[in-house]
Amino acid sequence: MRLKITLVIVPLLLLITLLVFIPFKQTLVFTYENEEKLLAYLPFEKNHSFQIKYTHSIHLSDVIETYTLTKKQIILTELSYKDFAIGMPSNAEGDEVFEEKNGTYYIKNMNRAFPFIDLRLGQVRADHRIIYKDHTYTLSNFIKPGTWVRMSSKKMSLWELLKGVNISG
């Protein structure tokens, strides 16, 4: 009898342990600087796009960067802005398309891949926001303004998800 219980319990405990610690959920993670210290994460669906919206520090208008999150990269696919000023591109490169529509400049058809994106959260004007699936998440609600964060794509385990701060609630 004891052997039967052991043959059931041990594999069951092993299976539960594996399920808790094996990465399975694709996320956009925010870590502290270039360390592995997890600050927050946003769960993602497969190859879904998101936007980073912020107020430019010089011309004080919104800039929107559109990205696609893959298993290992963050791919910049579009950029839109209202002011043709310092710090903003003046033309498209390669197969990209530059256009102006209703006072907004767009660079479309971008395919710029990054293993991670470093970002310093604005303390005064930038008001960095992530827009994902029609929801806007203000990063300063989860991460202290002025913090240098690294955004990257990562599969997380149930254990990591339970330890971290899910910015989607």
Side-chain angles (χ1 to χ4, degrees), residues 23-57 59-83 87-89 92-158 160-169:
F24 72 97
K25 184 64 179 167
Q26 190 65 46
T27 60
L28 176 65
V29 296
F30 299 86
T31 55
Y32 182 70
E33 296 181 2
N34 57 352
E35 299 173 11
E36 291 295 316
K37 180 182 174 190
L38 180 66
L39 297 172
Y41 68 89
L42 181 62
F44 261 71
E45 292 178 6
K46 190 175 185 178
N47 294 336
H48 206 284
S49 65
F50 69 98
Q51 296 174 313
I52 298 176
K53 184 176 184 177
Y54 61 93
T55 303
H56 194 280
S57 62
H59 42 82
L60 305 179
S61 61
D62 283 338
V63 176
I64 300 174
E65 300 171 346
T66 303
Y67 296 91
T68 298
L69 188 72
T70 68
K71 288 181 182 178
K72 296 186 180 191
Q73 294 183 318
I74 301 171
I75 301 170
L76 177 62
T77 59
E78 185 175 306
L79 176 65
S80 68
Y81 50 96
K82 293 194 180 283
D83 291 304
M88 301 312 301
E93 297 178 10
D95 293 332
E96 299 171 352
V97 177
F98 182 85
E99 63 183 50
E100 184 270 333
K101 190 187 312 179
N102 299 325
T104 300
Y105 301 101
Y106 296 90
I107 300 179
K108 298 181 177 184
N109 199 39
M110 299 175 83
N111 189 23
R112 300 182 187 186
F114 306 96
F116 56 84
I117 296 173
D118 285 340
L119 173 71
R120 184 167 306 274
L121 292 187
Q123 290 181 294
V124 180
R125 295 186 179 111
D127 191 28
H128 288 94
R129 290 147 284 171
I130 299 289
I131 302 168
Y132 176 65
K133 295 176 81 175
D134 298 322
H135 295 286
T136 300
Y137 306 100
T138 302
L139 291 179
S140 62
N141 291 343
F142 307 96
I143 303 168
K144 182 180 174 186
T147 302
W148 167 24
V149 296
R150 176 163 286 175
M151 298 174 11
S152 59
S153 178
K154 180 181 178 184
K155 279 196 174 185
M156 295 178 68
S157 68
L158 181 59
E160 291 170 310
L161 293 171
L162 293 172
K163 289 190 325 183
V165 175
N166 181 348
I167 67 174
S168 68

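Predicted model only: the values in this text are computed from it and were never measured.
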Check: Counting distance only, does the side-chain N/O of H48 pair as donor-acceptor with the main-chain N or O of L69 below 3.5 Å?
Finding: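 Not at all, since once roles are kept as given, no pair shorter than 3.5 Å links the two residues.
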Note to self: Using modelled atom types and a 3.5 Å cut-off, is there a donor and acceptor pairing between side-chain atoms of Y81 and backbone atoms of P89?
What the structure shows: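 Yes, because the side chain of Y81 sits within donor-acceptor range (under 3.5 Å) of the backbone of P89.
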Interatomic distance, [X] atom [atom1] to [Y] atom [atom2] [nearest 0.5 angstrom]:
X    : Y    : atom1 : atom2 : answer
F24  : L158 : CZ    : CG    : 5.5 Å
L28  : Y67  : CG    : OH    : 10.5 Å
N166 : T27  : CG    : OG1   : 9.5 Å
L76  : F114 : CG    : CZ    : 5.5 Å
M151 : D118 : CE    : CG    : 9.5 Å
E65  : I74  : CD    : CD1   : 11.0 Å

Just so I know, are the side chains of [X] and [Y] near enough to count as touching, which here means a heavy-atom distance under 4.5 Å?
X    : Y    : result
L139 : I167 : yes
I130 : I52  : yes
I107 : F98  : yes
T77  : N111 : no
T31  : L39  : no
K82  : Y105 : no
E93  : M110 : no

Item checked: side-chain contact (heavy atoms from CB on, under 4.5 Å) evaluation trace for I131 with F50 -> CA-CA 6 Å; I131 302 168; F50 69 98; over 6 Å; no
Does a donor on one side chain sit under 3.5 Å from an acceptor on the other, for [X] and [Y]?
X    : Y    : result
T66  : Q51  : yes
T104 : N102 : no
Q26  : S153 : yes

For atom [atom1] of [X], decide whether the heavy atoms of other residues, nucleotides or ligands shown that lie under 6.0 angstrom number more than 12.
X    : atom1 : result
E100 : CD    : yes
K25  : NZ    : yes
D95  : CG    : no

Margin query: So, applying side chain to side chain donor-acceptor pair (under 3.5 Å) with K108, which one of E99, E96, E78 is it?
Written below: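 It is E99; the other options fail the test.
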For [X] against [Y], the heavy-atom pair lying closest together:
X    : Y    : value
L38  : M156 : CD2-CE, 3.7 Å
S61  : D83  : OG-OD2, 2.7 Å
F116 : S152 : CB-CB, 4.1 Å
L42  : Y132 : CD2-CB, 3.9 Å

Check: Checking ring-ring contact (aromatic ring centres under 6.0 Å, His included) for the pair F142/F30: CA distance, chi angles, key distance, verdict?
Finding: CA-CA 10 Å; F142 307 96; F30 299 86; 9.0 Å; no
Check: Yes or no on side-chain contact (heavy atoms from CB on, under 4.5 Å) for V165 and Y41, after CA distance, side-chain angles and deciding distance?
Finding: CA-CA 6 Å; V165 175; Y41 68 89; 5.8 Å; no
Next item on the list: Write out all pairs satisfying salt bridge (Lys or Arg N to Asp or Glu O under 4.0 Å) with one or both partners inside residues 126-142, taking only residues at least two apart or from two chains.
Entry: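 Passing the test, one end in residues 126-142: E45-K133, D62-R129, D127-R129.
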Check: Hey, is E160 close enough to K154 for a salt bridge, meaning N to O under 4.0 Å?
Finding: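 Answer for the salt bridge query: yes.
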